[in-house]
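Everything on this sheet refers to the single structure shown next.
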Amino acid sequence: MRRDSFGSRFGALVAMAGSAVGLGNLWRFPYLVGENGGAAFIIIYILLSFLICLPIFISEFVIGRRSQKNAFAAFRDLSGGSAWRFVGLFTVIVPLIVLSYYSVIGGWSVEYLFKSLSFSFTENASQGAFHTMFSDFVSSTWAPLAGHTLFLLATAMIVIVGIKDGIEKFSKVMMPMLFFMVIAIAIYALTLPGAKAGVDYLFNPDFSKITGKACATALGQAFFSLSLGFGTIMTYASYVNKKENILTQSTATAVSDLMFALIAGVAIMPAVFAFGLNPQSGPGLVFETLPFVFGQMPAGGLIAIIFFVALLVAALTSSISMMEVAVAYLVEEKKFSRLWACITLFAGCWIVGALCSLSFGPLSHIKIDGGSIFDFFDNLSSNILMTLGSLLTVLFVGWKLKKTDIYDEFTNGGTLPLNVRIFGVLWVLIRYVAPVAIIFIFVYGLI
Ligand code: PHE
């Protein structure tokens, strides 16, 4: 059977950008900026994104496109069947853990979209009322489970259809729409009286705020946002045509991911400041602070709907990429049909996600390592597993694969002059700078 693949350059690009742009940009990035001191954090984030994460992204791209196989088989075949295949297995399993709890937050977006459609964010509700609305919702049993189920079901249904007709088509329609929606909200936010304080907060750095922990958080966020260390980019890259340029595709994805994060910051922070609210409200920023802001703004009801549609779309284009990693593995290695692979993964992720969802309410008494089940999966995957996955990936490309093979893949057999010139720098970044920096920042963040 012929392997499915992306049908066009634009399709491959929006699918990759769709994987990268997600809750990480619209939900996680703004609150991390808020918690870690604003502009200085953003500068560190940009530096780490391009110096460390882009080379890792390119490494994953090279592995995927060279092998034209699922992540497990890619590591197995390119390494000649050595123990590296366990790394491949790791990169297949980790996205499933992430998908399980990502789907819970995706479910919250579903619920908040419904809330915004019924214009629940009213002007006279106090800030406390939104806090109560959110905590009552997440700690209840059925409503969050229903959101989780709907979100995961939507993910599986897109993935079942396939690469070209499912993932690519969905991303092609949704990504441009997402872009316009976020830009529209950002422009609107800038017109609010008092918006300037929010813009200053985002773009006037105070370097005294930078700590080891802030750097580690910025790196973890950059991994998360670019979908690194998880087999996702590798899997998507395996569907990319051999004629495409890895350098331009990777850079375009990294730049669009960064732009989305910054625009999300501009859409959110000025509004938060304009209404005198605290940017440091953590994960509740999008679900507690923003609904209050929407309630206060002129035409806020409409902006709220646009925002939660955008959040949901962004989350879906990412969740499909996580599921595809394991679907590719089950179909190619275990001979599942695509349909059965999706049903199996839906069931597995639903159960783990349900535990995460219930850990805000009925299961909140269960503590793992001092936190809830949800916190445990979130911390484990975004702080440890993703870092480990990224480190192993650069080590694989920098120290195990043949330099000539990487050169060949990166330059399309020496036919791309710009890539030929850049290869030397990239090689040093992949082989030395990225692994050392990852280990250093990881350890520094622990102290
Ligand atoms: N990059 C996605 C986001 O920012 C999350 C993601 C992580 C997607 C890992 C795929 C793999 O929301």
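Whatever order the structure lists them in is the order used to number ligands and atoms, beginning at 1. What you are looking at is a predicted structure, and each value in this text was computed from that prediction instead of being measured. Values reported hereafter were calculated over all heavy atoms of this structure, with side chains retained and with hydrogens, waters and symmetry mates removed.
At least one heavy atom of N25 sits closer than 4.0 Å to an atom of ligand 1. Residue P95 places every heavy atom at 4.0 Å or more from ligand 1.
In terms of polar-atom proximity, F230 is not counted as a contact of ligand 1, lacking any N or O under 3.5 Å from an N or O of the ligand. Residue contacts with ligand 1: S19 is placed with a nitrogen or oxygen under 3.5 Å of a nitrogen or oxygen of the ligand (distance criterion only). By the 3.5 Å distance cut-off applied to N or O atoms, L23 is counted among the residues near ligand 1. Between G24 and ligand 1, at least one pair of N/O atoms sits closer than 3.5 Å. Taking only nitrogen or oxygen atoms, main chain and side chain alike, M322 does not reach within less than 3.5 Å of ligand 1.
In terms of protein heavy-atom proximity, atom 7 (C) of ligand 1 is closest to F224 O, 3.5 Å.
Under the 3.5 Å distance criterion, with hydrogens and angles disregarded, no donor-acceptor pair is assigned to the side chains of R3 and Q68. A donor-acceptor contact under 3.5 angstrom links the side chains of S19 and S321, judged on distance only.
Here R76 pairs with E333 in a salt bridge; the nearest charged N to carboxylate O distance falls below 4.0 Å. Classification of E244 and R65 as a salt-bridged pair fails, no side-chain N sitting under 4.0 Å from a carboxylate O. Comment: E324 engages R338 in a salt bridge, judged by a side-chain N to carboxylate O separation of less than 4.0 angstrom.
Under 4.0 angstrom from ligand 1, the non-hydrogen atoms of Y102 all belong to its side chain. Residue S321 touches ligand 1 through its side chain alone, judged by heavy-atom distances below 4.0 Å.
Taking the ring centroids of F134 and F287, they lie under the 6.0 Å cut-off.
More than 12 heavy atoms of other shown residues, nucleotides or ligands fall within 6.0 angstrom of atom CZ in R431.
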